[in-house]
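Below: the structure, in structure tokens.
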Amino acid sequence: MTALISIQGGAKRFVKGRETITIFDHLDMTIEQGDFIAIMGPSGSGKTTLLNLLGGIDRATAGSISFAGQRLDQMNEGQLSAWRAANVGFIFQFYNLMPALNAARNVELPLLLTSLGAGERKRRVETALKIVGLAERAKHFPREMSGGQQQRVAIARAIVADPRMLLCDEPTGDLDRKTADEILSMLQLLNKEMGKTIIMVTHDPEAARYASRVLHLDKGRFVEQVAA
Amino acid sequence: MRVLNQIIAVTTINLKSLPQRFWLSLSTVVAVTMVVMVLLSFLAMVAGFQRTIDGSGSDNIAILMRDGSQQELNSVVMLDQVRLVGEAPGLVRKPDGNAVMSAELYVIVDGIKRSTGLKSNLPMRGIGLDGAALRDGLAITRGRMFEPGSNEIVVGENLTREFKGFDLGSEIKLGTATWKVVGIFSMKGAVFESEIWGDVTVVQSMFRRGNSFQTIRVRLENDGAIEALRTYVENEPRLKLAVQSEKAFFAGQSSGTIRLVKGAGWPLAIAMAIGALAGALNTMYSSVATRSREIATLRCLGFGGFPSFMATLLESLVLSAIGGGLGALLTFLIFDGFSTSALGDGFTQIVFSFSLTPALVKQGITLAMLVGLIGGFFPALRAARLPIVAAYAQG
């Protein structure tokens, strides 16, 4: 296994009025290519902030973040956008689909950032929807689908551009147990069969059991690292 | 190409989600519609007035008034001066050798507007025997010309349409006398269609003007003949008269009114445009706020800030274009060809029709797009600079 992403001396602090709030400090972590990591911890422990840093949508106050040897902390906004488009798929708790677009158009969005032609984009969208079992719902709009189906569309959107890493923020937080298990099984499959590196923030111990490694974050520090 | 794809995608998302912001978007469209309607109705009024004035008067007809008089009303021309002008060079002459000319008297009478029932000043003109021959394009559309020496009048079509009591065959009291309407005439919408004509000698008598006139109209042999006439008048000490072509005379008569209407139209439209701009800004800021989660999601996926900027700007421009188009359409449907009257520089009513030309529509749409551009620019900047995490948290 080789390190895909590593944080050295990572710190995130906010200034609120006269007070400086430290989310975490001197944080070190390494994530291997092909890992399925669950990050758990109480509210306010910095889980989502860490996920944002790993996804290049927020910047660390100090420390370095590397992805396959590239320093994210040294990239400008444009470079980070291009890096995200090429390497990261996001899966959100509330799916974050575009209500005005049907499933296929939602899935196609990341491909608009590539140089692929319309035909190839269509083919890839069909494949991604087939992987998540929603090929027949391509023309349906988010409002016409259940929460579980919407999250599967979101997963299709996350994998359609074939990124190396998927970042999931409470991906089953809005779903019932049965649907949550289906989604988590799907993520597990993507990790095992397609080699996607998955980092998932969750409150749910049942969800964490699908990961290969669980990191517990509390008051800005990893207090425990256990193999699932 | 990739940036274009992004702009198309984000714009599509914005426009397809417009129903979610229906009432706010509609308010912007309505505000822009009103701005364009106000502007175009004023400009159409000016254009119609201008067209009426431009259609009045000829380069081959000269008007002579007392030197220094700006209006026919304050000019006085005596009979001996009329005779001297008849001997001037450069005038078209009849087989008997007399010049084609008409000494005319111009008085103001009362008329009642059909639309409001209010009194207005109307121009009554006493014309000479050649008066009709000195009006290019004149046609008696109903009835006949008045008989010289009688209390008969003919009335312009525009005036008959706008004012009561001038229907063919009716009798009407003007001044101290009662007059019979024996004919209705048209002159291709020219300013004369807002006048009442009678025999000049009768008008002189009924309005106690003795042998005085106010203007002399003569037909010139050609365009250059006006200089010969002017030289003759300047060298004849008994003729203290100013000479100008009929076309130049009408252009001068209308300039004040046109300036006034234009001067009111643009400031009013701009004041309303500022109000519409505030509405557009509010709508677009609200649009950005309600879409902040979508914008943040797209940024997470790797979309740049520029497509969000362009999409917001395009949304604003689309709303303004709809408003502008609607404004132009409604102005056309309501006002184009609408006939009304306005006070000319001669203190009498000139009847004219609103005229909405393609050039005016272009001005209206340009103003609408300007509102959209400014109203969308700052919200678009906000959309482009939205911090991803903050927007995501807002969602």
Does H26(A) have more than 12 heavy atoms from other residues, nucleotides or ligands lying within 6.0 Å of its NE2? no
How long is the gap from CD1 on I7(B) to CG on L112(A), to the nearest 0.5 Å? 12.0 Å
Start with the C-alpha distance between T297(B) and F90(A), add both sets of side-chain angles, then the distance that settles side chain to side chain contact (heavy atoms under 4.5 Å, CB included), and finish with yes or no. CA-CA 9 Å; T297(B) 302; F90(A) 287 90; over 6 Å; no
Can you tell which part of L109(A) gets under 4.5 Å to a heavy atom of chain B, answering side chain, backbone, both or neither? both
For the residue pair R105(A) and I13(B), establish whether any side-chain heavy-atom pair is separated by less than 4.5 Å. no
Is the count of non-hydrogen atoms from other residues, nucleotides or ligands lying under 6.0 Å from F378(B) atom CZ greater than 12? no
Straight-line distance of R385(B) CZ to E77(A) CD, nearest 0.5 Å: 12.5 Å
Honestly, the part of R121(A) sitting under 4.5 Å from a heavy atom of chain B is side chain
Which atom names give the shortest non-hydrogen contact between A85(A) and G302(B), and what distance separates them? CB-CA, 4.1 Å
Which atom of I388(B) lies closest to which atom of R84(A), heavy atoms considered: CD1-NH2, 3.5 Å
In this structure, CG of L167(A) is separated from SG of C300(B) (nearest 0.5 Å) by 9.5 Å
Looking only at heavy atoms and a cut-off of under 4.5 Å, which of G89(A), A161(A), A158(A), S115(A) has the most pairs with chain B? S115(A)
Segment of T49(A) engaging chain B (4.5 angstrom heavy-atom cut-off): neither
If you draw a 6.0 Å radius around CE in M34(B), do more than 12 non-hydrogen atoms from other residues or ligands fall strictly inside? no
Closest approach of L301(B) and L113(A), non-hydrogen atoms and distance? O-CD1, 3.2 Å
